[in-house]
Each structure stands twice: as structure tokens, then as C-alpha cells.
> 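Take a look at the following structure, please.
Scope of the values below: all heavy atoms of this structure, side chains included, with no hydrogens, waters or symmetry mates.
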Amino acid sequence: MGMLRYIKIRGQWLISALTRYFGLLSVLILGALALGTGAFLLVLNSAYGILPSHLLLAGRETAGASSWRVALLSSGYSIAAYEKMQANHRVQIGIWSNFLRDAGAEVHVIDDADLEGGLDPKIQVLVVPGSLALSDQARRQVSSFVKAGGGLIVEGASGTRDAQDHWKGWDFIRELSGVEGIEVLPAQGQERRFITLVAGSPLTVQLPAGLKLENGFFGENYAVRSGLSSAYWSEWVRPAAPSAPYLSAMTRNVYGKGRVVWLGFGLDAMSEAPIMRRALLQLLGNALAWAAEQPLWQVALWPHQEQGAVNITFDCENDFGNLYHVLDMPEAQRLRFTFFMLSSVAQKNPALVKQAATRGEIAVHGDDHAAFSGQTPEDQAQRLTRAQSVLQALSQTAIVSFRPPEQSYDANTLATLRKLGLTNIFADYLGTASPRLEHETKVGRNFRLPFVNNETTLVRIPRPAYDDYDLFGRAPHTANQALELALADMNQIIHDGGLYVSSMHTTSPWGGLNPDKLPVLAGLIKAVQGRPIWVATVKETAAWWLERSQIQISVNKYSDSVILLQVTNGNDHALENLPLELHLPQNFTGLDIQSSKVDFHPPKWKASETGRLSVVIPSIKRGESKSYILTAKPNTAENKGV
């Protein structure tokens, strides 16, 4: 993996140069001869993004996929049990087989007799896909396999019935997965629920914090109240789950020397939308890697490894003078805000705009409050250009963020934003608690393969469930009631490891900056103080999200206690104190980090109780690659960590 990543990094420059002089066809021929088809495709994908998205997920973002040897159980006892319920378990097995192969695994389908006789020692991970009925011997073999160091991915109510389809209970699942409080979530007809991902787990690396995966919910699903949760059951609108402890939909556990991942949902009920499938592939790829004791990694979600992030934003329109209430608020003096302004109103209040600019970011809300959607490209360009120019002149700052009035915009709006350098847009419910990068692809002059133009990437900022119009305009909440809802919204997003965006208006009478509504803002500010939360402007958040997207990390495992870490800075500027998150093959009591460089400055590191390793690279120059050898002193106990 390390060599392929090196080839990919160097290959982007090489292909660009050769294409300029020889054309694409010659490059393809030379590349195939020099590097071989597989490696060269990886180079092309790094440079131009031509590989299918599911292969990209399996190849770039998971470790050691080609070495996973997986046994997939096709249980005749379970097939018969499902037939009694007029269901076809073979479909479930087929879905699992396709997912595992797409995730890069070498799949061996086994039956009850194969399992009862003992697994091939070469098998790394056993997958039990909702196999309700298992013999006593099969259950014993599964337990022995994991206890001896094997990995297990088990779905739903597997093993809760015996070979004759008699109820045995949840002891098999409880013992292996270490969970308690198992609940059955019955089918809900046409109602849909969601599985929300939690950051900080090895199973959710390279996935957006708070991402909601849609479940059709036409069959039984299961939830637990304990265990190391990587995902929980939720609804679409936040607060999306009961108060903690959340009902877990996916947990992990260490059993003996092995590792167990339990899924409370069936893959056959999950949405088949492309973005959902790609996320499920990443999720299952991570589960395979973790169960097979492979390292997992990502750039930390937030720049100082905070638990979550908060943007406090204001729409500055009618009753512009209400801005003074936040600027004069004592508890707000040390915070930085984002002020989305209507330029037509801002022009009448130049002193207030200048004062606000010292307290954070000035951003575009429009020239007036008319919707952008449906207007001609020329009209939209004139309006945005006028608003940006006026606000830049008043604030003497660069304007790069935009919130469309009434959340109304279209493709022409996005094209104009790119032309004007307005790179951040705050408008949408994204189905996630993380910013989303929207890349623009262009076609080069001498070839027809698309490539990503990072200079025109838009950063979408997720909006909250409740802004002040929801809290006061749509419903007559008191300030205390509104604060309770806003805090529940924020606390859940921070629990997920995501970005919470507070959105308030100057507008009377419902705007959050009106004097009688200010307790909500004051309460939110009080709630973030003293907590590991990054409070930033939209501009600062978007800049960090772009920076972390340009960092490449590769990890090669030499043994359970020794791995090679390589970090490459693809940004056009140096970075200081770059935070990484790693999940090593086992728990450890000490860690030694070495490098071959003479002027080596060892990174700082810290391990959490759940096995997550935080590493901070002191500095890394533009385009620089740094390599480290990490040697862990493992725990002497049998437990290999979580």
C-alpha cells in the first residue's frame, strides 16, 4: 500500500506533464507498460478520479483489503427458518457476498457442516449474516474462533434459535458482543428510520460525523443500550434519538483475543442510493479491517482534536441595529461569529458593519432578501457581485461565505459563487453533521478525462434543525423552551462529533437578537464554554475542511506492534500541529515513534480509553511527505483492546 500511494502522489505530476506533450493515448500505453494495469489505474484515479466510487473507497480508505480472507456463512438451518416466515435468506446472503467483494474481501461461502467442523486457519473474519438458526456445535465453533483471535461480523438476531428452529435467547449475541438491553424494533410498513454514525470509532473513520443512513425498516431491526456504539437509531429531524444512552445500531467488542462487530440492521433493508451504498461499503470495509486487526486512520475531524465544532451565525437584515445586543453581550466578547448581511441594509449602517468585522466574519446574505432561485444567470451574477463588493468595501475584508435568502438557490447560483470566489454556502439539511465538499470537474484541452479543480470547490455547511424562526416564528415557544430545543440539537451533534451551526436573525419580533429572545443565544454560549468544542467562523471551518481533504495518509502494518505511517501534505502551504487519528491493531501501554531524518521532532501522541491514538505532526511543509515508524508496547493481558 505504501508503494502504491507513493506512485499515486508522483504519478499525478507525471501524467500532467506527459499529457501536455504526448496526448492521453500515449500516456495510457506507457503507463500500462511501465506500471502494470492495476497500479496505473490507481495513478489515474488519484489524478483524475476515474475509478468507480466503490473501488475508490475500498482501495484508498481502508487498509489491507486484498489480504482479507472472509468466510461467509450460508446456513441451511437458517434458510429453512426463514422459509417458515415466508422469507428468503439466500437473498440476504447474496447481498452480503456482493458487499464484501465490493469492499475488497476474498469471500469463501461456507455451510453449517463447514462451520461445525472448524474454520480454515487462513480465515481472518467470519461473517454471520442474520443466521437465526445455528446448531450448538456451530455456536461453540464461532466462540472458539473469536476467542483464539479471529474476527467476527454478526448481524441481527443470529444464533437466537437452534438447528430445529427453537428459541434459544440472546445469550450467544450478548456473550460475543458484550451488549445488554437488546430491543426488537418491529417493521414499520412505509415508515423509514435512520442509522446515524458517531465519530471517534474505528468503524466510522473516513465517514462524515452524524451521517444518516436510510433503513427501509420493512423487517425486524434490533437496538441495544450498552456497548461501544459506532451508530445509533434515529429519525431524520433532530433531536433524532432518545436522551442518552442512545439506542445503538452497531457496536464493537473484544472477546478473548478476537474482535466482534455486531450490526442491528439488515443490509437488505438499507437504501440503495449511490451515496448510501458508498457509505455502507466504507463502513463494512472499516468493520473488516478492525475485525482483522488492521490499523485504521484519518485526519482528525477538528484542528485541535476537539469533540465537535460550533459556528454561531447571524442573518443581518431588517432591524439591523439589533446586532448591538450581541456585540455588547459580556459573555460573547471572546467568541468569533459569522454575520450574513444584506448589502442594501449594511450600506445604511457602515459603523456597525465595521464593528462587526472586528468580531468575526462578514458574509453575503444577498443584496436584498429576494430569492435567487429561478433568476437568470446574469441577474444572479449582478446581485452577488454588488453584494460582495459593497460588503468588502465596508468591512475591508475578503468575503467568501454566502447564505441565500429563504434558502433559495439553483445551479446558476452555484456557478456564480465559484466565479466570484464565494466558496462557502450555508443553506442545506445535508443528512450529516459535517461540512460537505462539492468539487467541480473540468475537461482538459488535450484529453477527455475529468479532473477535480480544487480552486472551485464549494464547502456546504449543514444548517441546524432549529433556527430562531423555527423556534419563535413557526411556534410560540418561550425563551426557555427554545433554549431547551436548541441545546438538545447542539448536544446531539457534538455527541456525534459533528458541526453545529446556530442561526439567528436581527428581524423583529421573532429574531434571536431581539432583547426578549437573547437568553437563547446566551444559553448556547454558556453551554460551549469550558468544553472541548471548537467555536469558529464559517470561513475558518471551511478552510480547515479543505486543508484536511488535501492530506494523504498511508499506514502499513508490519506486526501487531509495529506500523509505518506516511503523511503527505497536498496543500499549497505548510501546516502546523496537524492532528491525526489512528486505531492500532491492539491496545498498548507505551509508544515509540522514530524517523530516519536527522532533524527529527517526534510527534506528540495520546491514547484514549477506547483505543484511539491521537498523533500531532509538529509541522509539515507544502508538498512534503513524512514517514514514521510506530512501535507499540502491547498490554500483557489477553484483551487486545477496542
Side-chain angles (χ1 to χ4, degrees), residues 311-329 332 335-376 378-410 413 416-417 420-427 461 463-464 467-474 501-518 520-521 537-539:
N311 294 165
I312 300 176
T313 74
F314 307 106
D315 284 9
C316 309
E317 36 197 53
N318 295 335
D319 306 303
F320 202 88
N322 278 333
L323 264 184
Y324 281 117
H325 294 141
V326 65
L327 297 178
D328 294 339
M329 188 180 290
L335 298 181
R336 291 175 59 77
F337 309 107
T338 297
F339 303 92
F340 291 103
M341 294 185 172
L342 296 180
S343 60
S344 57
V345 182
Q347 280 180 306
K348 302 174 184 178
N349 299 271
L352 187 48
V353 175
K354 190 173 182 180
Q355 183 178 350
T358 67
R359 300 290 298 280
E361 174 191 9
I362 304 300
V364 172
H365 191 34
D367 56 342
D368 55 41
H369 209 268
F372 279 78
S373 180
Q375 293 191 333
T376 66
E378 294 76 17
D379 287 343
Q380 293 196 39
Q382 288 178 3
R383 291 184 61 195
L384 285 168
T385 300
R386 179 164 56 246
Q388 185 185 37
S389 299
V390 168
L391 293 174
Q392 285 184 160
L394 290 173
S395 66
Q396 294 297 297
T397 62
I399 307 296
V400 295
S401 301
F402 171 63
R403 183 180 186 189
E406 301 179 11
Q407 300 182 89
S408 177
Y409 64 97
D410 55 24
T413 316
T416 304
L417 294 179
L420 296 179
L422 289 163
T423 55
N424 314 319
I425 179 169
F426 167 40
I461 302 296
R463 63 154 291 162
D467 66 9
D468 52 357
Y469 184 73
D470 298 310
L471 295 170
F472 297 116
R474 298 181 190 276
V501 183
S502 168
S503 176
M504 295 187 179
H505 295 69
T506 58
T507 308
S508 295
W510 51 265
L513 296 188
N514 284 271
D516 59 326
K517 308 297 191 300
L518 281 175
V520 178
L521 176 60
T537 65
V538 167
K539 179 180 180 180

> Going by side-chain contact (heavy atoms from CB on, under 4.5 Å), L513 matches just one of D319, T507, L323. Which one?
L323
> Step by step, work out the side-chain contact (heavy atoms from CB on, under 4.5 Å) result for H369 and E406.
CA-CA 8 Å; H369 209 268; E406 301 179 11; 3.8 Å; yes
> Could you state the interatomic distance from OG1 (T385) to CD (Q380), rounded to the nearest 0.5 Å?
11.0 Å
> Looking at residues at least two apart in the chain, or sitting in another chain, which of them share a side-chain hydrogen bond (donor to acceptor under 3.5 Å, both in side chains) with Q407?
R463
> Side chain of K517, backbone of S508: donor and acceptor closer than 3.5 Å?
no
> Restricting to ring pair (Phe, Tyr, Trp, His ring centres under 6.0 Å), what partner residues turn up for Y469, sequence neighbours left out?
W510
> Start with the C-alpha distance between N311 and F426, add both sets of side-chain angles, then the distance that settles side-chain contact (heavy atoms from CB on, under 4.5 Å), and finish with yes or no.
CA-CA 11 Å; N311 294 165; F426 167 40; over 6 Å; no
> Applying side chain to side chain contact (heavy atoms under 4.5 Å, CB included), name anything that partners S373, two or more places apart in sequence or on another chain.
S408, D410
> Ignoring hydrogens and angles, write down the donor-acceptor pairs under 3.5 Å from the side chains of residues 340-348, residues two or more places apart or on other chains.
unit_1	atom_1	unit_2	atom_2	d
S344	OG	D367	O	2.6

> Restricting to ring pair (Phe, Tyr, Trp, His ring centres under 6.0 Å), what partner residues turn up for F314, sequence neighbours left out?
F337, F339
> Kindly write out the residues that satisfy salt bridge (charged side-chain N to carboxylate O under 4.0 Å, His left out) with D368, not counting sequence neighbours, or none if the list is empty.
R383
> Between the side chains of T506 and N322, does any donor sit under 3.5 Å from an acceptor?
no
> Any salt bridge linking R403 with D315? Criterion: basic side-chain nitrogen under 4.0 Å from a carboxylate oxygen.
yes
